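Here's the structure we're looking at; comments come further down.
Sequence positions, counted from 1, serve as the residue numbers for this chain. Being a predicted model, the structure only gives us computed values, none of them experimental.
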Amino acid sequence: MAKSRQKLSNQDSSLSPTAARSRDWDGPSRWTDYLGREMTSPLSSSSSRNIYHDGQSQGTTPSQSHKGINMQWVVQLTEVAEGLMAKMYRLNQLLDYPDPINHVFSDAFWKAGVFPNLPRICVLLSKKFPEHFGKLQLERIDKVAWDSLQDNAELHLQSLEPWVQLLLDLMVFREQALRLILDLSSTVITLLPHQNSLILHAFMDLFCSFVRVNLFSEKMPRKMLIQTYNLLHAMSRNERDCDFYHRLVQFIDSYDPPLKGLQEDLNFVSPRIGEVLEAVGPIIFLSTDTRKLRNEGFLSPYHPRYPDILTNSAHPLRAQDLANVTAYREWVLFGYLVCPDELRRVTSIDIALVVLKENLVLTLFRDEYILLHEDYQLYVLPRILESKKMAKSGRTKQKEADLEYNVAKQVEKMISEVHEQAILSCDAIHHERRILLKQEIGRMVLFFTDQPSLLAPNIQMVFSALALAQCEVIWYFQHVGVASSRSKTTRVVPVDIDPNDPTIGFLLDGMDHLCCLVRKYIAAIRGYSLSYLSSCAGRIRFLLGTPGMVALDIDASLKGLFQQIVHHLENLPKPQGENISAITCDLSDFRKDWLSILLIVTSSRSSINIRHLEKATVSTGKEGLLSEGNAAYNWSRCVDELESVLSKHGSLRRLYFYHQHLTAVFRNTMFGPEGRPQHCCAWLGIASSFPECASPIVPEEVTKIGRDAVLYVESLIESIMGGLEGLINILDSEGGFGALENQLLPEQAASYLNQTSRVSIPSYKSPKGTAGFPLPGHESFPENNGSIKMLEAAMQRLTNLCSVLNDMEPICVLNHVFVLREYMRECILGNFRRRLLGVLKTDNDLQRPTVLESLIKRHISIVHLAEQHISMDITQGIREVLLSEAFSGPVSSLHLFEKPTDQHTGSATESVCNWYIENIIKDVSGAGILFVPIHKCFRSTRPVGGYFAESVTDLRELHAFVRIFGGYGVDRLDRMLKEHTAALLNCIDTSLRSNRDVLEAVATSLYAGDRIEREASVKQIVDLETVIGFCVQAGLALAFDRLLAEASGAILEEGAPLIHSLLAGVVKHLPDGVPEKEEIRRMRTVANTVGVVNDHDSVWVRSILEEVGGASDGSWGFLPYLFATFMMSNIWSTTAFNVDTEGFSNNIHCLARCISAVIAGSEFVRMEREHQHRQSLRNGHVEGMDPELSSHMSAEASIKSTLQLFVKLSADIILDSWSETHRSHLVAQLIFLDQLCEISPYLPRSSLETHVPYAILRSVYSQYYADTQSTPLAILNASPRHSPAVHASPVLRHPRGGDSPQYYGHDTGYFKGSSSHSQEHLYDADIGSLRSMDNKQRNYRSSGPLDYSASRSRVKSVEGSTSGSTGPSPLPRFAVSRSGPLAYK
């Protein structure tokens, strides 16, 4: 065999019979691979590991060495059990959790690479276990698979060897553990919790671990594993079975099912297990009696009936025992499952009933479990029925037989009925217990926060509360939604949990607070523990000197151990002053010596045992020697192992295996009606302990569990931040703070009063019955009380959540650190950015800037409310968001940001500016955009999206735009307007170039007075009407930019008046020169953007032409002739002047603005280039006056002469083309020239007088303004909100008797009344429109030009309607009149 095994790996050689036998009896050294790092660490958290370390050094005498080694092996094998289960858990993960009992294996099972992917052969081997493969004729079952198996036998053998080694280790573990359990059971005198709790816990931990390992082994495919391995071994080893094959087959067969083998193996310790379970029964009964726990204050630091007494020492031992009640319940469940005969004890029925009634599953390892009641019915009930049958057969005395029969009958009834009881009542039992713990822990936290000095004396009670809460939380996630059935199943499908119990959050929060309090006052607890141990030293010395102890014949070794105990306690450091935290002492030697004493006095082979010591010291009337020593042992752990004890009772690392359920419960309860924001700290804090679940036996678990813990934290943070956003958005909604901002405008109040005063029915006099809009104070009505309470609750939760997240310590998971404050800041700013981009547009189109500003201010006010509870500058972040959304360009241009240079911003500004360009300047929707000079806004004949144009373009709206987006937003909109205007100017340039010859002919005909030649030449101009349209659009852009500059200047003056006054003062003293210096040009451009430059339009066009290099061709000299030909266009026959707007119906008045600005700007650019050309010719030698000043003066003179030339040519064309039958265009063209003189700073009105006498213009204006008298209500058209059709109609309806007038204003006009913001401006009427009739009566003139000019300035100040309607136009009447203005010539 040694030769045939030489080809195997080292691991395979360890499986040889010799190695197996040697490892069988090597003792603890065999299990080095399973102990991991924990057993080599200085200290560990569990008491059993502490016993291991304390028992390692025992062996000072031959008589003690055996006991010491036994104790060491007990704890060591408990650790080995953990390692074995970790390996089995990993194997099940790899094999996709197979079902070996029913032989169900998934595809992932065969692809895992553990077993050969030959299902027919492998499953048959498993089903036919324990038959040898030689009897199965496998080659006939699947010949192809058989051949494949033979070809790759060596490879498959190597993949199975580690797991066969695991089977062998399970077999050896069974033998060693059984031997130790038997040794302890037979040699330890007492295993009662109040006498020998330390050894009892070590013994029962090993007992339960032994049961767990063997129950868990049923979940791995043991039969297939050994059968397949033996087959492969025989194929590669000359048909020889592996040497340990028959031993493993016998082991697996004896534990098939495992409970059958466990009941047989543990039958010899059954009476001792029964004694232990009876002893822990009272503590279990106490833990289930919530009323007694509450009424008698077992978990209360003060006496429940006497709250003034701040110490509760009524039940210190019982309260301390409650910390172990979770372990006691597991002892009961496992104990009666494998030792069913102990249920026939009279008291055992009640103990088992209590525990079985509140559990449905029994946890084996991590999240692996068995269905508890099914196993009791399958394996315990038959044993009870057998004993009942034996009692009935009368094999014992009649009296004893009757008692045994009755007890067995009661047990049978209990097991049969408790399953249904558990399904119905276990959830209610634990819910009641969770409520009790929620209340008790809550009071405990408040009490110890207020009285921290009492935390140390009650630390054992704190541990008990933590242990009970830990048990309840883990039970919840183990049991919630478990589907229990009577059929035997190996793995239950994932259950649907009910994630709606808010007590879980309260328990997690309470446990977290208690643990924080313990860590905060750890120095005080250590100091109190040291004081207790010092006083204990005196009591032990006194007990050792009592007559009873002196009379005992104690051997020297035991006496020496007692003296060492006293020596340890008397030499403890004395806590003095405030240096307790600096005290470091190691009491492991003390605990080791005390454990040595316990091992001696509890051994049946010792001459002095525990009973002798109790009798010798109890007569003093005080605690016995062993009680004092055990108490000192527990308090010593509060000195140097406090963190490990706290971790044992308060750690929730096992919840990692239910972290998906944790996330679901958190999301459903955190922001539910009973959720509390402060609970999120505890939910997040759990993740820090998740990596502790990783077993050192399986190295890859550390990475996986760490990754899952990080994902869990990120998922919870995402939920928390989602809740934070939800709270902010609830407040920032129309049902939130928006409901508190409703205000009545004066017009709305007047309308409301009119409606209520005219209704005679009393019921309709109620405000709620007549008004279609909510009144201020409506939130105070009783029926609206719920919404106000909702707002208050949302505000409270928001502030609480912000405060909690701000104060929360960073969450550390492996090398990841989560700082909630940073996440909260990013969440608030990210939500603000999304909110800003979301409210830019409504359902129909752009949001009104004033409404947008109010929404932003409302959101920022909520952020400020939250910021009061955050120790971070959120306002600075808000500014950064607004800046990044306003600034359009690479972020690297902003020094404030440290972000990638290729990241571009300004999406909000881009969106708004594009909307203005497309819908107002270009009018892509065909809404009929008109510029209204008198009101400085734009109008539309129909809504642009959801609003009329005046609702988004008047100065009030532009002020809001500037306040929102600041200077960067203004610059971006100005840049886009310039780009658009540059394209239009390029069209003019193209037209000049393409029509140069025609324009020369036009100029010649104009000077020659040849009308026929002129008209023929004009007809040859290409796309004249298109060019006029482009010029009108450029004029619109000029008008819009001027309004934008005015709004920008007003906001600058409001926010930074010193800067505004500085710019206004500097611009007056800027030197005029051609060409301008770069610094002066930049200063003038900045001043122009805030509206403090007089000639805004020409400066603006000049800057455009300089940027694009326009007006560089000689054809621009024909610009006035091109503009003059516009007078021959058909556009004049379709336009009409509107008195109310002082503009034309088709924006021809914008053409005047374009002509003035383009001529002035192009002349400046032309003169600048000519100056530069002259400078280059003269080589810098200049004589006479300042050349720049002279150039500027010549430029102004050139502009003036060019404009005068245009006026002369236009007037000639106008007057020359007039006739009696063709005069409809005349009035519009004359008014156009008058407006040009008014707009241009370079063209005095006297220039027009030379060509068109003022008498004509005065007659025209008199006719217009006189006609408005006959229809005084012409400006009171119906509001476009109610009917856009009426808005455009010239037909008027005169008001009748009791009808109230219909108002509208130039800043209103929202088309759809269903909008959430339409009510604010529904009745936003222009007050001045009511006075317009009287003003216009006084403005009637018949005097000369001076009177006309003065009166006209007054007409401009009248705030009338800005409707696009002109009313009954005087133009048709004027067109057919024989006594019109021309009669005055």
**Prompt:** Do any N or O atoms from the side chain of N806 and from the backbone of C802 form a donor-acceptor pair under 3.5 angstrom?
**Reply:** no
**Message:** Going by side-chain hydrogen bond (donor to acceptor under 3.5 Å, both in side chains), name the residues that satisfy it together with T663, two or more places apart in sequence or in a different chain.
**Reply:** none
**Asked** Between Y369 and T363, what is the shortest heavy-atom contact and its length?
**Response** CB-CA, 3.9 Å
**Request:** Please list, chain by chain and in numerical order, all residues satisfying salt bridge (charged side-chain N to carboxylate O under 4.0 Å, His left out) with R90, sequence neighbours excluded.
**Result:** E700
**Asked** Any idea which heavy atoms bring M88 and S217 closest together, and the distance?
**Response** SD-CA, 3.6 Å
**Request:** Answer yes or no: is there a donor N or O on one side and an acceptor on the other, between the side chain of T669 and the main chain of V665, under 3.5 Å?
**Result:** yes
**Request:** Only counting residues at least two apart or in another chain, list the ones meeting side chain to side chain contact (heavy atoms under 4.5 Å, CB included) with A422.
**Result:** L360, H373
**Asked** Any side-chain heavy atom of I370 within less than 4.5 Å of one from V361?
**Response** no
**Prompt:** Is the backbone N or O of M511 less than 3.5 Å from a side-chain atom of Q470, with the two atoms forming a donor-acceptor pair by type?
**Reply:** no
**Message:** Evaluate S106 against D96 for side-chain hydrogen bond (donor to acceptor under 3.5 Å, both in side chains), listing each step before the verdict.
**Reply:** CA-CA 7 Å; S106 65; D96 192 30; 2.7 Å; yes
**Asked** Between I504 and H679, is any pair of side-chain heavy atoms under 4.5 Å apart?
**Response** no
**Request:** Report yes if the side chains of L801 and Q678 come closer than 4.5 Å at any heavy-atom pair, otherwise no.
**Result:** no
**Message:** For K357 versus S425, what's the shortest heavy-atom pair and its separation?
**Reply:** CG-OG, 3.7 Å
**Item:** Sequence-distant partners of I435, side chain to side chain contact (heavy atoms under 4.5 Å, CB included), two or more places apart
**Value:** H431, Q439, T503
**Message:** Is any side-chain heavy atom of P100 closer than 4.5 Å to one of E218?
**Reply:** no
**Request:** Under the side-chain contact (heavy atoms from CB on, under 4.5 Å) rule, what do I686 and F690 come out as? Steps first, then yes or no, please.
**Result:** CA-CA 7 Å; I686 300 172; F690 283 174; 3.2 Å; yes
**Prompt:** Just by distance, with hydrogens left out, do N102 and D99 show a side-chain donor and acceptor under 3.5 Å apart?
**Reply:** yes
**Heavy-atom side-chain proximity of P221 to F109 below 4.5 angstrom** = yes
**Item:** Derivation of the side-chain contact (heavy atoms from CB on, under 4.5 Å) call for V338 and Y379
**Value:** CA-CA 9 Å; V338 298; Y379 301 107; over 6 Å; no
**Check: F298 main-chain N/O paired with K292 side-chain donor or acceptor under 3.5 Å** = no
**Message:** For a quick test of reading the model, state the closest non-hydrogen atom pair linking R821 to L805 and the distance between them.
**Reply:** CG-O, 3.8 Å
**Closest approach of L277 to I351 (non-hydrogen atoms, all atoms of both residues)** = O-CD1, 3.5 Å
**Message:** Aromatic contact between H649 and F463, with the criterion being ring centroids under 6.0 Å apart: yes or no?
**Reply:** yes
**Message:** Once salt bridge (charged side-chain N to carboxylate O under 4.0 Å, His left out) is applied, do any residues pair with R676, and if so which ones, sequence neighbours excluded?
**Reply:** none
**Item:** Row check, Y89 ring normal vs R366 NZ/CZ: under 6.0 Å, within 45°
**Value:** yes
**Message:** Could you go through F207 and F334, starting from their C-alpha distance and side-chain angles, then the distance that decides it, and tell me whether this counts as ring pair (Phe, Tyr, Trp, His ring centres under 6.0 Å)?
**Reply:** CA-CA 9 Å; F207 172 82; F334 282 118; 8.0 Å; no
**Prompt:** Aromatic ring centroids of Y476 and H430 under 6.0 Å?
**Reply:** no
**Prompt:** Backbone N or O of L333 within a donor-acceptor pair of the Y376 side chain at under 3.5 Å?
**Reply:** yes
For residues 703-711, which side-chain N or O atoms pair as donor and acceptor with protein atoms under 3.5 Å away, sequence neighbours left out?
unit_1 : atom_1 : unit_2 : atom_2 : d
K704   : NZ     : Y656   : OH     : 3.4
K704   : NZ     : D708   : OD2    : 3.0
D708   : OD2    : Y656   : OH     : 2.6

**Request:** Could you tell me whether a side-chain N or O of E701 sits under 3.5 Å from a main-chain N or O of S695, the two making a donor and an acceptor?
**Result:** yes
**Message:** Under the rule for side chain to side chain contact (heavy atoms under 4.5 Å, CB included), what residues qualify as partners of E822, not counting sequence neighbours?
**Reply:** V819, M872
**Request:** Please confirm whether the backbone N or O of A664 pairs with a side-chain atom of N668, one donor and one acceptor, at under 3.5 Å?
**Result:** yes
**Pairing residues for S651 by the side chain to side chain contact (heavy atoms under 4.5 Å, CB included) criterion, not counting sequence neighbours** = S647, R653, S689, E692
**Request:** Compare all side-chain heavy atoms of K87 with those of P162 and state whether any distance is below 4.5 angstrom.
**Result:** no
**Message:** Is the shortest side-chain heavy-atom distance between H419 and L356 below 4.5 Å?
**Reply:** no
**Prompt:** Taking the inter-plane angle between the rings of W331 and Y328 on a 0 to 90° scale, is it parallel (under 30°), tilted (30 to 60°) or perpendicular (over 60°)?
**Reply:** tilted
**Prompt:** Taking only residues at least two apart or on different chains, which pairs with a member in residues 799-811 satisfy salt bridge (Lys or Arg N to Asp or Glu O under 4.0 Å)?
**Reply:** none
**Prompt:** Looking at residues at least two apart in the chain, or sitting in another chain, which of them share a side-chain hydrogen bond (donor to acceptor under 3.5 Å, both in side chains) with N214?
**Reply:** none
**Message:** Run the side-chain contact (heavy atoms from CB on, under 4.5 Å) test on L468 and L299 for me, step by step, so that the C-alpha distance in whole Å, both residues' side-chain angles and the decisive distance to 0.1 Å come before the verdict.
**Reply:** CA-CA 10 Å; L468 290 175; L299 296 175; 3.8 Å; yes
**Prompt:** What pairs meet the salt bridge (Lys or Arg N to Asp or Glu O under 4.0 Å) rule with one or both residues in residues 428-440, with sequence neighbours excluded?
**Reply:** E358-R433, R433-E472, R434-D501, E440-R443
**Prompt:** Do the non-hydrogen side-chain atoms of V804 and C680 ever get within less than 4.5 Å of each other?
**Reply:** yes
**Complete:** Closest heavy-atom pair, L662 versus Y712, reported as atoms and distance to 0.1 Å, is CB-CE1, 3.8 Å
**Message:** Using the salt bridge (charged side-chain N to carboxylate O under 4.0 Å, His left out) criterion, which residues pair with D289? Sequence neighbours excluded.
**Reply:** none
